[in-house]
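Positions are given from 1 along the sequence. From a predicted model like this one, the values you see are computed outputs, not experimental measurements.
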Amino acid sequence: MKKMKRLVAILLASVLALAMLTACGEEAPQSLGQRAENLMIESFNKAYDTTYQNDADLKNKVGAMLNQIDENGEIDIASLKKSKIYGLPCDVVDNKDGTGTFTVYVIAQGINADKTKYKAIEVTEELLSQANANNVNKISSQKPEAVGAASIVKNGKTYVGVAYRMTVKTNFNA
């Protein structure tokens, strides 16, 4: 019986020691890409006075586009669906009720000289430290329904993109 009590005491002390140690430590710091994604979502929240979360579906779609970035940090324009109206990467759905749902992807900061590739948005520590979510303008007077941001690291560089979805009145037949 004494041996059993000692064994239980040793096991209990071990479990308590392990439980105490697992509470120690700090959270892992966020990556540059995660901080950029958070800043993008925060920017939309400030601009529209709302509480968007990073929409998983939009994040995945932006991530798929970012996966197309080549070794030069560019995305082939021909590989992306674009709006005929705006010429931007965009999904458009005719809701057959006089409205259309637009999902716009902001994944580029410009276009290359021969106009065949978008220059992806590269994020650096310096750029992120200068960014401020309070200095963001609305993209539209209408509030987006959802926002998603994603980031990717390719060739040691961090790239980021954002998408927003909104339904607007439109006439696809005009």
Side-chain angles (χ1 to χ4, degrees), residues 27-95 99-168 170:
E27 283 186 33
Q30 288 187 329
S31 70
L32 178 62
Q34 289 169 325
R35 289 181 292 149
E37 289 174 27
N38 291 342
L39 180 65
M40 289 182 151
I41 301 299
E42 182 184 344
S43 297
F44 273 86
N45 284 332
K46 296 265 186 190
Y48 291 98
D49 192 28
T50 190
T51 55
Y52 292 115
Q53 299 295 312
N54 198 350
D55 184 86
D57 180 51
L58 292 178
K59 178 178 178 144
N60 289 337
K61 288 178 178 181
V62 172
M65 289 181 172
L66 294 177
N67 276 322
Q68 297 180 46
I69 294 173
D70 65 17
E71 65 279 353
N72 297 318
E74 297 176 332
I75 302 170
D76 184 10
I77 291 174
S79 69
L80 302 173
K81 289 192 318 187
K82 294 178 291 303
S83 161
K84 292 177 182 168
I85 301 167
Y86 302 110
L88 297 171
C90 183
D91 293 332
V92 181
V93 176
D94 180 354
N95 297 326
T99 67
T101 301
F102 292 79
T103 304
V104 178
Y105 302 95
V106 183
I107 57 169
Q109 59 190 7
I111 195 165
N112 67 358
D114 62 2
K115 298 184 178 173
T116 59
K117 294 187 178 187
Y118 287 120
K119 184 73 177 150
I121 302 169
E122 182 184 349
V123 179
T124 63
E125 285 290 348
E126 180 182 357
L127 182 64
L128 196 59
S129 69
Q130 295 171 358
N132 184 343
N134 293 320
N135 296 333
V136 176
N137 295 321
K138 293 181 178 182
I139 52 171
S140 166
S141 59
Q142 182 175 329
K143 191 181 288 188
E145 297 158 14
V147 178
S151 61
I152 190 170
V153 176
K154 282 215 173 173
N155 297 325
K157 295 181 178 181
T158 301
Y159 299 96
V160 68
V162 66
Y164 58 92
R165 181 177 54 238
M166 58 181 28
T167 301
V168 297
T170 186

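Taking 4.5 Å as the limit, some side-chain heavy atom of Ile121 sits within range of a side-chain heavy atom of Val106. The side-chain heavy atoms of Tyr159 and Ser151, taken from C-beta on, include no pair separated by under 4.5 Å. You'll find the side chain of Arg165 stays beyond 4.5 Å of the side chain of Pro144, heavy atoms only.
Taking OH of Tyr164 as the start and CG of Leu58 as the end, the distance is 11.5 Å to the nearest 0.5 Å. In this structure, NZ on Lys157 lies 11.0 Å from OG1 on Thr124, to the nearest 0.5 angstrom. For the atom pair CG of Leu66 and NZ of Lys154, the computed distance is 8.5 Å after rounding to the nearest 0.5 Å. If you take OG on Ser129 and CG on Leu127, they are separated by 8.0 Å, rounding to the nearest 0.5 Å.
Evaluation of the side chain to side chain donor-acceptor pair (under 3.5 Å) rule for Asn38 yields Gln30 as partners, not counting sequence neighbours. For Ala36, the side chain to side chain contact (heavy atoms under 4.5 Å, CB included) test picks out Val123, Leu128, Val160, with sequence neighbours left out. Take Thr167 and apply the side chain to side chain contact (heavy atoms under 4.5 Å, CB included) test, not counting sequence neighbours, and it matches Asn95, Thr99, Thr101, Glu145. For Gln53, there are no side chain to side chain contact (heavy atoms under 4.5 Å, CB included) partners two or more places apart in sequence or in a different chain.
Taking all atoms of both residues into account, the shortest heavy-atom contact from Ile75 to Ile107 is CD1-CD1, 3.7 Å. Among all heavy-atom pairs drawn from Ile69 and Ala120, the shortest one is CD1-CB, 3.7 Å. Summarising the geometry of Ala149 relative to Asn54, their closest heavy-atom pair is N-OD1, 2.7 Å, with the distance given to 0.1 Å. Minimum heavy-atom separation, Leu32 to Thr158: CD2-OG1, 3.8 Å. Among all heavy-atom pairs drawn from Lys119 and Asn72, the shortest one is NZ-O, 3.1 Å. Shown here for Ala150 and Gly63, the closest heavy-atom pair between the two residues is CB-N, 3.7 Å.
Screening residues 65-80 for salt bridge (charged side-chain N to carboxylate O under 4.0 Å, His left out) gives Asp70-Lys117 as the qualifying pairs, with residues at least two apart or on separate chains. Residue pairs meeting the salt bridge (charged side-chain N to carboxylate O under 4.0 Å, His left out) criterion with at least one member in residues 121-130, sequence neighbours excluded: Arg35-Glu125.
For the residue pair Asp91 and Tyr105, a side-chain donor N or O sits within less than 3.5 Å of a side-chain acceptor on the partner.
Note on ring orientation: taking the six-membered ring where Trp is involved, the planes of Tyr52 and Phe44 are perpendicular (angle over 60°, cut-offs 30° and 60°).
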May I have the step-by-step check of side chain to side chain contact (heavy atoms under 4.5 Å, CB included) for Met166 and Lys143, ending in yes or no? CA-CA 7 Å; Met166 58 181 28; Lys143 191 181 288 188; over 6 Å; no
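Asp57 has a carboxylate O that lies under 4.0 Å from a charged side-chain N of Lys61, or vice versa, which qualifies the two as a salt bridge.
Residue Val162 is tested with Val147, Leu39, Val104 for a side chain to side chain contact (heavy atoms under 4.5 Å, CB included); the sole match is Val147.
Counting only distance, with no hydrogens or angles, the side chain of Asn112 and the backbone of Thr116 share a donor-acceptor pair below 3.5 Å.
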